[in-house]
Amino acid sequence: MNLDEQVALLTRGSAGITPQGGLEQKLKRSSETGKPLKVKLGLDPTAPDIHLGFAVVLRKLRQFQDLGHQVILIIGDYTALIGDPSGRSATRPMLTDEQIAQNGATYVDQLSTILDREKTQVRFNGEWLGKLSFAEVVRLSARMTVAQVLERDDFQKRYRAGEPIGLHELLYPLAQAYDSVAIEADIEMGGQDQMFNILAGRGLQKELGQEPQVGFFMPLLVGLDGEKKMSKSLGNYVGVQDVPNEMFGKLMSIPDTALATYFELTTDVPMDEIKALLAAAEQGEVNPKDVKKRLAREVITIYHSAQAAAEADAHFESVYSRKEAPSEIPEAAFAAVDAKDGKVWICKLLASVGLSKGTGDARRTVLQGGAKLNGERISDPNLELALTDLDGAVLQVGSRHFVRVRTT
RNA sequence: GCCGGGUUGCCCGAGUGGCCAAAGGGAGCUGACUGUAAAUCAGCCGGCGAAGCCUACAGCGGUUCGAAUCCGUUACCCGGCACCA
């Protein structure tokens with residue numbers, strides 16, 4: 001692959017590279033000297049949270065690896081002491097060394113589905129941050145000014161709003177910047193929200209006489225709602241370890257407006273093809289639903305397999321589009337204890353089998369016409385069923401909750 | 001330590017004595033519709049075999065015929081001020 005092709009590949013989906021032309025320069029030098037680039041990614045050890053949004057960055061790293069470069073993951077065990085100031089007032093829980101080590105391991109484990117283990121180095125930043133003496137910290141601090149740090153959006157907002165900013169929080173960017181110095185990073189990858197921290201790395205490297213790293217930013221993927229960023233806490237995410245059917249369903253629920261972004265950032269479908277697909281959908285030549293299904297299949301193929309993708313598609317068609325009962329219906333035991341004189345109240349049954357939160361909820365569902373027994377809609381919330389012909393009966397709530405009853 | 005503000009249902013958030021199982025929004029559930037588990041519209045959305053009753057507005061105690069609302073107290077959170085100097 002020549003340089004232009006490499007650049008084209010790498011810049012796909014990127015939200016920006018600082019400085020302009022920096023990537024080309026680094027790549028060029030690397031190919032001339034035969035020395036792989038060190039590409040850094042900092043990770044917060046608090047919560048291994050691998051979803052498609054995070055995967056955007058990881059997949060980009062993988063591309064670097066495939067071009068022969070070295071990825072260095074930095075687990076921020078030390079920076080975790082501070083906590084990224086991006087959040088609000090919530091104090092981060094202190095983690096024990098053990099937890100951090102374990103989280104680190106979990107991370108590496110999950111990450112390896114995307115990254116090439118061979119070309120991935122994992123470091124903990126306590127390794128060097130822990131060795132700094134107070135004097136050295138002071139000396140490093142002298143390399144950054146308060147004005148620079150306060151420039152940061154988060155701080156600006158909090159400062160204006162009169163919210164407290166801990167002195168230690170000002171050290172966060174410094175600490176992260178020092179990571180870049182410690183490993184002599186060529187490139188630091190991160191989401192757009194990491195802009196400040198990553199640029200701080202450049203600054204500090206320059207101050208200390210190193211060649212500054214290139215900041216490589218990826219956009220934050222929007223979540224399933226199509227508006228907010230994808231995150232576990234917002235619950236609008238697709239986990240890379242989600243089972244195929246779940247992935248498929250979740251991806252089908254994204255709004256059309258998010259389609260282009262998802263294709264670009266989460267799949268390997270060539271840009272030309274993506275454009276053609278979207279244009280066809282726009283003009284009504286293709287049903288946009290089918291384009292979205294294609295997206296879902298592409299993603300599932302990456303994290304599972306093409307076969308799993310096809311199966312999930314078929315499952316979705318049958319269960320949701322045609323509203324058929326799934327081939328495998330979960331079974332639930334119903335204890336005869338809840339029966340009276342060999343009869344079972346329908347609401348009790350729905351509740352005890354887990355289809356309703358309680359008899360009140362069940363009653364509502366029935367009144368709203370949401371319950372079916374063996375495919376027949378139930379309309380009477382006072383219905384009594386004979387316990388004897390219950391075994392094997394299929395109960396359904398709405399169009400997608402099925403349970404096969406087992407009397408025990 | 002002192003002063004002030006706060007703590008409401010899954011989440012956010014209104015409510016300052018009865019009309020409060022508590023506005024509104026979000027999430028969730030059901031139905032209709034459709035190109036989907038999208039969007040839109042409608043209904044539901046503490047518990048109870050449903051009548052009424054019970055449990056709920058941080059905990060406890062009190063005032064009152066009646067308290068999410070008033071008083072006291074405890075805990076926690078957020079500001080500010082002070083002490084250690």
Side-chain angles (χ1 to χ4, degrees), chain A residues 87-91 93 158-166 222-228 231-238 242-262 277-278 280-297 299-300 312-324 326 337-341 343-352 354-373 377-385 395-403:
Chain A
R88 274 174 273 173
S89 45
T91 324
R158 284 164 64 186
Y159 188 68
R160 278 201 217 104
E163 282 165 21
I165 298 173
V222 290
L224 300 176
D225 51 76
E227 282 171 18
K228 296 173 205 139
S231 84
K232 205 163 204 164
S233 50
L234 290 173
N236 60 356
Y237 72 101
V238 179
D242 282 355
V243 296
N245 283 346
E246 202 173 330
M247 277 192 179
F248 202 97
K250 283 183 178 176
L251 287 167
M252 286 305 283
S253 80
I254 64 169
D256 291 356
T257 49
L259 260 181
T261 318
Y262 268 72
L277 272 172
L278 293 171
E282 182 107 1
Q283 281 154 27
E285 287 162 31
V286 180
N287 189 330
K289 177 190 171 190
D290 293 324
V291 177
K292 208 184 281 182
K293 288 175 94 177
R294 166 75 186 276
L295 169 72
R297 287 198 305 269
V299 172
I300 294 170
D313 191 343
H315 175 264
F316 183 86
E317 257 317 298
S318 128
V319 176
Y320 301 115
S321 297
R322 294 200 298 274
K323 305 199 176 195
E324 292 165 356
V337 195
D338 286 325
K340 242 194 278 172
D341 305 330
K343 295 235 170 197
V344 181
W345 179 34
I346 183 66
C347 291
K348 193 104 187 167
L349 178 62
L350 285 168
S352 89
L355 287 173
S356 303
K357 282 186 291 187
T359 59
D361 186 37
R363 171 178 235 102
R364 266 177 243 124
T365 304
V366 172
L367 286 172
Q368 289 177 138
K372 286 184 187 170
L373 175 64
R377 179 155 289 167
I378 299 164
S379 53
D380 179 11
N382 296 314
L383 184 68
E384 300 280 342
L385 302 161
L395 273 173
Q396 179 183 358
V397 165
S399 49
R400 54 198 138 104
H401 303 295
F402 293 84
V403 158

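We name chains A, B, ... by the order of the sequence lines, and we start the count at 1 in each one. Computed over heavy atoms, backbone and side chain alike; hydrogens, waters and symmetry mates excluded.
- Separating the CG atom of A:L385 from the C1' atom of B:G49 is a distance of 14 Å, rounded to the nearest angstrom.
- Relative to the ring axis of A:Y237, A:K250 places its NZ or CZ within 45° and under 6.0 Å from the centre.
- In terms of the side-chain hydrogen bond (donor to acceptor under 3.5 Å, both in side chains) criterion, residue partners of A:R364 (sequence neighbours excluded) are, by chain and number, A:D361.
- Residue A:G358 is classed as a sugar-phosphate contact, given heavy-atom separations below 4.0 Å to backbone atoms only.
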Can A:L349 and A:L373 be said to form a side chain to side chain contact (heavy atoms under 4.5 Å, CB included), step by step? CA-CA 11 Å; A:L349 178 62; A:L373 175 64; 5.5 Å; no

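- Pairing for B:G1 goes to B:C81, judged as Watson-Crick or G-U wobble with the two contacts each under 3.5 Å.
- One atom, OH of A:Y237, and another, C1' of B:A37, lie 16 Å apart when rounded to the nearest Å.
- Nucleic acid contact class of A:F248 (heavy atoms, under 4.0 Å, all strands): none.
- Counting only heavy atoms from C-beta outward, the side chains of A:I254 and A:L295 approach each other to under 4.5 Å.
- Scored by the salt bridge (charged side-chain N to carboxylate O under 4.0 Å, His left out) test, A:D256 finds A:K292 as partners (sequence neighbours excluded).
- Closest non-hydrogen pair, A:M247 versus A:V238, comes out as CG-CG1, 3.8 Å.
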Using the 3.5 Å cut-off, write out each protein N or O paired with an N or O of nucleotides 33-35 of chain B and the distance between them.
residue, atom, partner, partner atom, Å
B:G35, O4', A:N287, ND2, 3.2
B:G35, N1, A:D256, OD2, 2.7
B:G35, N2, A:D256, OD1, 2.9
B:G35, N2, A:D256, OD2, 3.4

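- Nucleotide B:A42 is matched to B:U30 when pairs are restricted to Watson-Crick or G-U wobble geometry with both distances under 3.5 angstrom.
- The nearest pair of heavy atoms linking A:A351 to A:G358 is CB-C, 3.8 Å.
- Inter-residue side-chain proximity for A:H315 and A:F248 is flagged as unmet; no heavy-atom pair is nearer than 4.5 Å.
- Contacts of A:E317 with the nucleic acid, taken as non-hydrogen atoms under 4.0 Å apart, are absent.
- Counting heavy atoms from C-beta on, the side chains of A:L355 and A:F402 never come closer than 4.5 Å.
- In this structure, CZ of A:R294 is placed 18 Å from C1' of B:U36, rounded to the nearest angstrom.
- Taking atom CG of A:L295 as the reference point, atom P of B:A38 lies 16 Å away to the nearest angstrom.
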Report each atom pair, protein N/O against N/O of nucleotides 39-42 of chain B, whose distance is under 3.5 angstrom.
none

Detail all sub-3.5 Å separations between protein N/O atoms and N/O atoms belonging to nucleotides 25-31 of chain B.
residue, atom, partner, partner atom, Å
B:U30, O2', A:Q368, O, 3.1

Using the rule given for side chain to side chain contact (heavy atoms under 4.5 Å, CB included), can you reason through A:L367 versus A:R363, listing the C-alpha separation, both sets of side-chain angles and the distance that settles it, and then say yes or no? CA-CA 6 Å; A:L367 286 172; A:R363 171 178 235 102; 4.0 Å; yes

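- Nucleotide B:G61 is matched to B:C71 when pairs are restricted to Watson-Crick or G-U wobble geometry with both distances under 3.5 angstrom.
- Spacing between B:U63 and B:G47 at atom P, rounded to whole Å, works out to 34 Å.
- Checking B:U16 for Watson-Crick or G-U wobble geometry (two distances, each under 3.5 Å) identifies no partner in any strand.
- Enclosure of atom CG in A:D341 is not indicated, since only 12 or fewer non-hydrogen atoms of other residues, nucleotides or ligands lie within 6.0 angstrom.
- A:S318 meets the side-chain hydrogen bond (donor to acceptor under 3.5 Å, both in side chains) test with A:E324; sequence neighbours excluded.
- Going from the P atom of B:G52 to that of B:G4 covers 47 Å, rounded to whole Å.
- Residue-to-nucleotide proximity on RNA chain B shows that, of A:R363 and A:N245, the 5′-proximal contact is made by A:N245.
- One atom, NE2 of A:H315, and another, C1' of B:U36, lie 15 Å apart when rounded to the nearest Å.
- Nucleotides B:C2 and B:G13 place their P atoms 29 Å apart, quoted to the nearest Å.
- Figure legend. B:A51 is base-paired to no nucleotide; pairs are counted as Watson-Crick or G-U wobble with both atom distances under 3.5 Å.
- A distance of about 47 Å separates the C1' atoms of B:U64 and B:C41, rounded to the whole Å.
- We find that NZ of A:K293 is positioned 11 Å from P of B:A37, with the value rounded to whole Å.
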